[in-house]
Amino acid sequence: MSSSPATETRSMNMIQAINSALDVCMDRDPAITVMGEDVGYFGGVFKATEGLQKKYGKGRVFDTPINEGGIIGVAVGMSAYGLRPVPEIQFADYIYPGLDQLVSEAARLRYRSAGEFTAPITVRSPFGGGIFGGQTHSQSPEALFTHVAGIKTVIPSNPYDAKGLLVAAIEDNDPVIFFEPKRIYNGPFDGHYDRPVTPWAKHPQSQVPEGYYRIPLSQAAVVREGEAATMLAYGTMVHVALGVIEASGIDAEVIDLRTLWPVDIETIEASVKKTGRCIVVHEATRTGGFGAELSALVQERCFYHLEAPIERVTGWDTPYPHSLEWAYFPGPVRLTQALKRVIEA
Amino acid sequence: MAEAPAAPNMTPLSFHVPEPRFRPGDAVDYADFDRGEAGAVARPDVAALPADMRGHAYSLVRVLDDEGVAHGPWNPRLSPDRLRRMLRDMALTRAFDDRMYRAQRQGKTSFYMKCTGEEATSIAAAHALDRGDMCFPSYRQQGLLIARGWPIGQMMNQIYSNAGDNLKGRQMPIMYSAREAGFFSVSGNLTTQYPQAVGFAMASASRGDTRIAACWCGEGSTAEGDFHSACTFAAVYRAPVILNVINNQWAISSFSGIAGAEATTFAARGIGYGIASLRVDGNDILACYAVLDWAAERARGNHGPTLIEYFTYRAEGHSTSDDPTKYRSAEERGAWPLGDPIVRLKQHLIGLGEWDEERHAAMDKEVAEFIRDEGRKAEAQGTLHDGLSQPFTTMFEDVFEEQPWHLKEQSAQMQAERKAAGI
């Protein structure tokens with residue numbers, strides 16, 4: 001998967017892998033600049049930028065005022081100068097004040113200036129629930145960005161991918177939203193919230209090269225091959241899907257999209273044409289979610305291969321409730337039932 | 001909604017909605033407007049602490065008096081050649097505006113915006129800043145491009161969305177982009193360019209460069225969140241940036257009071273952020289130049305940002321889509337107590353013995369002919385009236401650096417559908 005020879009590897013969790021990606025990129029390209037709330041001296045509330053200010057100086061890693069519109073707006077101006085900003089939005093739930101600068105400015109700058117100005121910005125932001133974060137620390141707003149022409153949206157599901165994809169995102173010359181599923185920062189999560197957390201160290205994808213490598217954007221990964229159905233997932237839900245398959249014994253195929261948009265349509269199409277059944281899984285609210293787009297794409301391209309209606313297993317169309325988090329989360333119970341419905345249809 | 005006050009024995013609350021002094025048909029009287037004397041406002045050191053110059057946010061820096069004589073510490077003492085260049089740049093901008101306004105009325109383009117009466121604000125900036133300094137304009141800073149020598153014909157091509165349009169017909173008229181001229185792509189969303197200019201300045205400072213940045217917005221759009229984000233970031237990082245607010249009194253039909261002018265000045269917005277803030281006669285190009293030059297020197301000396309409010313008047317409608325007779329008195333323009341920037345600089349030059357009516361008339365004729373000739377050349381490449389000049393498939397280019405599968409598909413679909421429909 002890597003485009004350069006593997007270097008020495010070590011076991012990393014997602015945070016360490018992301019930190020390593022930032023470090024490797026900053027070391028290679030002096031234009032890369034990290035900014036955001038608490039990212040400097042402190043190294044970020046999740047510690048993703050730890051040690052970077054000390055190593056690269058305040059000119060390249062600095063704390064910002066609590067003003068997401070300002071953070072993104074300033075990043076667009078830095079791009080006009082020639083830098084490659086990598087702003088952190090502390091939680092995806094806080095990204096909305098920056099939407100105008102992302103949607104009206106960063107996303108359209110190349111188009112509206114016919115290439116005179118571009119916005120090679122990678123916005124990193126922890127997203128998703130499962131940490132009792134309530135409605136302001138749990139949201140999955142990816143569909144807001146997949147809807148916007150000119151923005152790429154990337155979501156990794158493990159440390160190896162997180163580093164390789166973040167390197168590719170930072171090197172991409174278009175704006176990229178890089179959502180990090182914070183529930184799996186420290187270990188994969190199969191949706192059984194009442195069981196002990198498994199650390200990344202026991203997972204093969206935690207073996208991360210120390211040096212430079214990249215995973216090309218817009219390439220999905222078939223993380224489990226199967227014949228019975230195709231499950232389209234990303235982020236945390238990849239692990240929930242794998243857990244359900246293991247528990248149910250149903251031979252389903254799991255595709256980790258990795259890049260949501262532009263999505264790897266070929267891999268999706270080939271899989272659904274093979275299995276004839278499709279389940280779309282995400283934690284975000286259902287209506288108008290990215291699953292709706294996936295469902296439409298599969299219907300348009302695979303209609304005559306489908307043996308069953310496409311199922312969507314998603315968060316409910318409510319704000320993310322604090323105490324009822326696990327009733328909201330599209331966990332193994334719901335996913336198992338949907339899988340059985342699709343198989344038996 | 002309450003049917004009765006919660007406490008009938010207390011004074012009912014009242015709701016204040018600001019109202020301009022003059023509406024259509026009203027006689028206009030600006031007698032109580034205190035513009036101050038030319039030359040009266042002190043010129044602080046460029047390293048002055050913002051806290052030590054707060055009064056400058058409420059006074060009005062003026063150099064030229066009503067007779068066109070320059071006074072006081074802000075007199076930039078520019079050479080006659082420089083003054084004549086500034087005069088011609090303003091005249092050229094006005095002639096350009098007149099031509100493009102007529103072109104819109106003739107159906108050659110969809111839209112136009114004049115800057116009549118406000119020419120001094122942009123022309124002064126182009127002369128005070130270095131060519132390498134980056135400008136993040138709003139939509140009424142065509143004077144920057146004209147004074148920086150960006151080809152007039154290129155501006156016209158953009159307005160006509162014709163075959164020579166460097167933006168491939170994608171942008172509404174006047175939303176230029178001219179990287180070579182240090183002119184950032186104009187956005188239709190207001191004040192988004194403010195934090196961007198601050199970001200450019202932060203980047204330049206963080207890399208030890210010498211380039212500074214400047215941005216522009218109107219008084220109405222100082223209400224946008226981006227204005228306040230920009231002020232915060234500019235102050236925090238002492239960014240080498242000049243934040244320009246063109247207070248032309250009207251935001252489409254909303255007078256400056258709707259943006260807060262009844263309570264304070266727009267320059268005073270900067271005080272709370274700890275930004276050096278000044279208010280200047282926007283129709284006095286010497287005063288505009290002097291304040292900009294002060295701000296640029298301050299930025300270059302690492303003394304931080306400056307906020308400048310230009311007190312001026314939008315002599316024409318907001319755009320060709322606007323009819324200002326519907327909401328303001330037609331007398332305002334003629335009664336404006338700060339006059340016309342071109343007339344005032346002309347008067348000054350004549351007073352210096354460096355200009356006369358004959359030369360002025362010759363200049364007006366020369367710029368009108370130049371604009372006419374440039375217009376003909378641009379129109380030879382097509383106008384919006386002539387139909388679309390861009391190949392249809394260019395619509396799908398530049399969304400991303402490389403065209404993804406879905407845009408290739410949509411481009412092919414569009415072509416197939418048009419072909420099937422026989423068009």
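Residue numbers begin at 1 in each chain, while the letters A, B, ... track the order of the sequences.
Considering only heavy-atom pairs separated by less than 4.5 Å from chain B, the leading option among A:Met35, A:Arg60, A:Arg301 is A:Arg301. With chain B as the partner, the residue from A:Ile72, A:Thr118, A:Val76 showing the most heavy-atom pairs under 4.5 Å is A:Val76. Contact count versus chain B (heavy atoms, under 4.5 Å) is highest, among A:Pro65, A:Pro262, A:Ala107, A:Gly82, for A:Pro65. Between chain A and the residues B:Val198, B:Asp165, B:Asp209, the largest count of heavy-atom pairs under 4.5 Å involves B:Asp209. Ranked by heavy-atom pairs shorter than 4.5 Å toward chain B, the options A:Asn67, A:Leu109, A:Asp172 are led by A:Asn67. In terms of heavy-atom pairs under 4.5 Å with chain A, the best-connected choice from B:Pro195, B:Ala239, B:Gly225, B:Gly188 is B:Pro195. The choice from B:Gly208, B:Ala230, B:Ala178 that makes the most heavy-atom pairs within less than 4.5 Å of chain A is B:Ala178. Most heavy-atom pairs under 4.5 Å with chain A: of the set B:Ala213, B:Gly199, B:Ser206, this distinction falls to B:Gly199. With chain B as the partner, the residue from A:Glu116, A:Met78, A:Glu266, A:Lys152 showing the most heavy-atom pairs under 4.5 Å is A:Glu116.
Checked by atom type and distance alone, the side chain of B:Gln381 never pairs as donor or acceptor with a backbone atom of B:Ala378 at under 3.5 Å. The backbone N or O of B:Cys215 lies less than 3.5 Å from no partner atom in the side chain of B:Gln141, so there is not a single donor-acceptor pair. Between the side chain of B:Ser177 and the backbone N or O of B:Phe184, no donor-acceptor pair lies under 3.5 Å. A donor-acceptor pair is defined here as one N or O able to donate and one able to accept, closer than 3.5 Å; such a pair exists between the side chain of B:Arg148 and the backbone of B:Ala181.
Interatomic distance, A:Ile177 CD1 to A:Ser125 OG, rounded to the nearest 0.5 Å: 8.5 Å. Distance check: B:Met113 CE to B:Ser319 OG gives 5.0 Å after rounding to the nearest 0.5 Å. Expressed to the nearest 0.5 Å, how far NE2 of B:His406 lies from OG of A:Ser218 amounts to 9.5 Å. If you take CG on A:Leu260 and CG on A:Leu232, they are separated by 10.5 Å, rounding to the nearest 0.5 Å.
Heavy atoms of A:Ala75 lying under 4.5 Å from chain B are absent altogether. When heavy atoms are compared at a cutoff of 4.5 Å, B:Met395 approaches chain A by way of both its backbone and its side chain. Contacts between B:Tyr237 and chain A at a heavy-atom distance below 4.5 Å involve the side chain alone, from C-beta outward. Of the two parts of B:Gln171, only the side chain, counted from C-beta on, holds a non-hydrogen atom closer than 4.5 Å to a non-hydrogen atom of chain A. Contacts between A:Pro85 and chain B at a heavy-atom distance below 4.5 Å are absent for every atom of the residue. Contacts of B:Phe227 with chain A are absent, with no heavy-atom separation under 4.5 Å from either backbone or side chain. Neither the backbone nor the side chain of B:Gln158 comes within less than 4.5 Å of any heavy atom of chain A. Contacts of A:Lys58 with chain B are absent, with no heavy-atom separation under 4.5 Å from either backbone or side chain. With a threshold of 4.5 angstrom between heavy atoms, B:Val399 approaches chain A through its backbone and through its side chain. There is no contact between B:Tyr194 and chain A, counting heavy-atom distances below 4.5 Å. Proximity to chain B (any heavy atom under 4.5 Å) is restricted, for A:Gln101, to the side chain, taken from C-beta onward. Within the 4.5 angstrom heavy-atom criterion, atoms from both the backbone and the side chain of A:Ile71 approach chain B. Proximity to chain A involves both the backbone and the side chain of B:Asn166, based on heavy atoms less than 4.5 angstrom apart. Heavy atoms of A:Asp174 lying under 4.5 Å from chain B belong exclusively to its side chain.
Put simply, the residue from A:Val154, A:Thr122, A:Val176, A:Val24 that forms a side-chain contact (heavy atoms from CB on, under 4.5 Å) with A:Leu166 is A:Thr122.
For B:Arg238, the CZ atom sits in a loose shell: 12 or fewer heavy atoms of surrounding residues, nucleotides or ligands are nearer than 6.0 Å. Open room surrounds NZ on A:Lys54; 12 or fewer heavy atoms of other groups in view lie less than 6.0 Å from it. Within a 6.0 Å radius of CD in A:Gln299, other residues, nucleotides and ligands contribute more than 12 heavy atoms.
Between B:Tyr273 and B:His228, the ring planes lie tilted relative to each other; the angle falls in the 30° to 60° range.
For the pair B:Arg170 and A:Tyr111, the distance from NZ or CZ to the six-membered ring centre is under 6.0 Å and the angle to the ring normal is within 45 degrees.
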